[in-house]
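Each remark here refers to the structure printed beneath this line.
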Amino acid sequence: MRLLLHICCAPCSIIPLAELRADGAEVTGFFFRDNIHPYSECRRREETLRAYAPGIGLEVIYPEGYDLEGFLRKIVFREDQRCRICFHERLSAAAALAKERRCDGFSSTLLYSRYQPHEVVREMGEAVGRSAGVPFLYRDFRPGWQEGVAESRRLEMYRQKYCGCIYSEKERFFKAG
């Protein structure tokens, strides 16, 4: 099975890649960057993935550009829906690329995180997959959370402290009270 894997960051890719490859999948990575703010954070995450991928034999597609303005236009005045919008943007881009590359399916490292709403990601992935004509592979990678964290630390990977958008960066410091 040829699979495109949306990768949000290198640490979150460790367990999904290991499990998918163990199942016989031929995985290509896809790094989506428009949702990661500020740009310096985006670069740091990308550089970590670029350093990691060759050592594990992973081809990763890094699209050109950084459409911060386009991403923010979709979110502004809809901040209460920002995560759903963000998931849709990332998964839609992954589905379109998977179809273009004639992959058998696509998935996301969002399914590794204990902090992401799995049912929302699953429903969104399945919906955009149907729309694009390429199946979404749902898999709960969370049982490997501790193993992935330990491995990323062993490899001395950069580990971000927030999801990615400028809103989640703010929430690190200002909790709703």
Original post:
When you check the gap from the basic side-chain N to the acidic O, do Arg44 and Glu47 get nearer than 4.0 Å?
Top reply: no

Subject >> Main-chain N/O of Val134 paired to Lys99 side chain as donor or acceptor, under 3.5 Å >> reply: no

**OP:** State, without any angle test, whether Tyr138 and Glu119 hold a side-chain donor-acceptor pair at a distance under 3.5 Å.
**Re:** no

Subject >> Ile75: hydrophobic cluster co-members (side-chain, 4.5 Å) >> reply: Tyr39, Tyr66, Leu68, Phe71, Leu72, Ile85, Ile166, Tyr167

Subject >> N/O donor-acceptor pair under 3.5 Å between Ser113 side chain and Leu110 backbone >> reply: no

Original post:
Is the backbone of Ala25 close enough, under 3.5 Å, to the side chain of Asp23 for a donor and an acceptor to pair up by distance?
Top reply: no

**OP:** Go through the steps for Lys161 and Arg172 under the test side-chain contact (heavy atoms from CB on, under 4.5 Å), then give the verdict.
**Re:** CA-CA 8 Å; Lys161 299 187 179 9; Arg172 287 181 30 186; 3.7 Å; yes

Subject >> Flag, side chain of Ser168 to backbone of Cys165, donor-acceptor distance under 3.5 Å >> reply: yes

Original post:
For Cys163 and Gln116, what are the C-alpha separation, side-chain angles and deciding distance, and is it a side-chain contact (heavy atoms from CB on, under 4.5 Å)?
Top reply: CA-CA 9 Å; Cys163 183; Gln116 302 300 337; 3.5 Å; yes

**OP:** Please lay out, stage by stage, how Arg21 and Glu26 fare under the test side-chain contact (heavy atoms from CB on, under 4.5 Å).
**Re:** CA-CA 7 Å; Arg21 284 176 165 176; Glu26 179 188 322; over 6 Å; no

Subject >> Arg73 side, atom CZ; Glu69 side, atom CD - distance, nearest 0.5 Å >> reply: 6.5 Å

Subject >> Straight-line distance of Glu59 CD to Ile61 CD1, nearest 0.5 Å >> reply: 5.5 Å

Subject >> Pair Val128-His88, side-chain contact (heavy atoms from CB on, under 4.5 Å): steps then yes or no >> reply: CA-CA 8 Å; Val128 300; His88 186 268; 3.7 Å; yes

**OP:** Output the rest of the hydrophobic cluster of Val76: all Ile, Leu, Val, Met, Phe, Trp and Tyr residues reachable through side-chain heavy-atom contacts under 4.5 Å, sorted by chain and number.
**Re:** Phe77

Original post:
Under 30°, 30 to 60°, or over 60°: which ring-plane class applies to Tyr115 and Trp145, parallel, tilted or perpendicular?
Top reply: perpendicular

Original post:
Charged N to carboxylate O below 4.0 Å: is that the case for Arg154 and Glu151?
Top reply: yes

**OP:** Using a strict cut-off of less than 4.0 Å between a Lys/Arg side-chain nitrogen and an Asp/Glu carboxylate oxygen, indicate whether Glu46 and Arg50 qualify as a salt bridge.
**Re:** yes

**OP:** Show your working on salt bridge (charged side-chain N to carboxylate O under 4.0 Å, His left out) between Glu79 and Lys74 and close with a plain yes or no.
**Re:** CA-CA 9 Å; Glu79 288 84 0; Lys74 291 173 186 156; over 6 Å; no

Subject >> Heavy-atom pair with the smallest gap, counting every atom of Gly105 and Ala98 >> reply: O-CB, 4.1 Å

Please report, to 0.1 Å, the donor-acceptor pairs under 3.5 Å made by any side chain of residues 1-19, with sequence neighbours excluded.
{"unit_1": "Arg2", "atom_1": "NH1", "unit_2": "Arg101", "atom_2": "O", "d": "3.1"}
{"unit_1": "Arg2", "atom_1": "NH1", "unit_2": "Arg102", "atom_2": "O", "d": "2.9"}
{"unit_1": "Arg2", "atom_1": "NH2", "unit_2": "Arg101", "atom_2": "O", "d": "3.2"}
{"unit_1": "His6", "atom_1": "ND1", "unit_2": "Ser108", "atom_2": "OG", "d": "2.8"}
{"unit_1": "Ser13", "atom_1": "OG", "unit_2": "Ala10", "atom_2": "O", "d": "2.7"}
{"unit_1": "Glu19", "atom_1": "OE1", "unit_2": "Arg139", "atom_2": "NH2", "d": "3.3"}

**OP:** Flag yes if Tyr158 and Leu155 sit in one hydrophobic cluster, no otherwise; membership is Ile, Leu, Val, Met, Phe, Trp, Tyr, and two members link when side-chain heavy atoms are under 4.5 Å apart.
**Re:** no

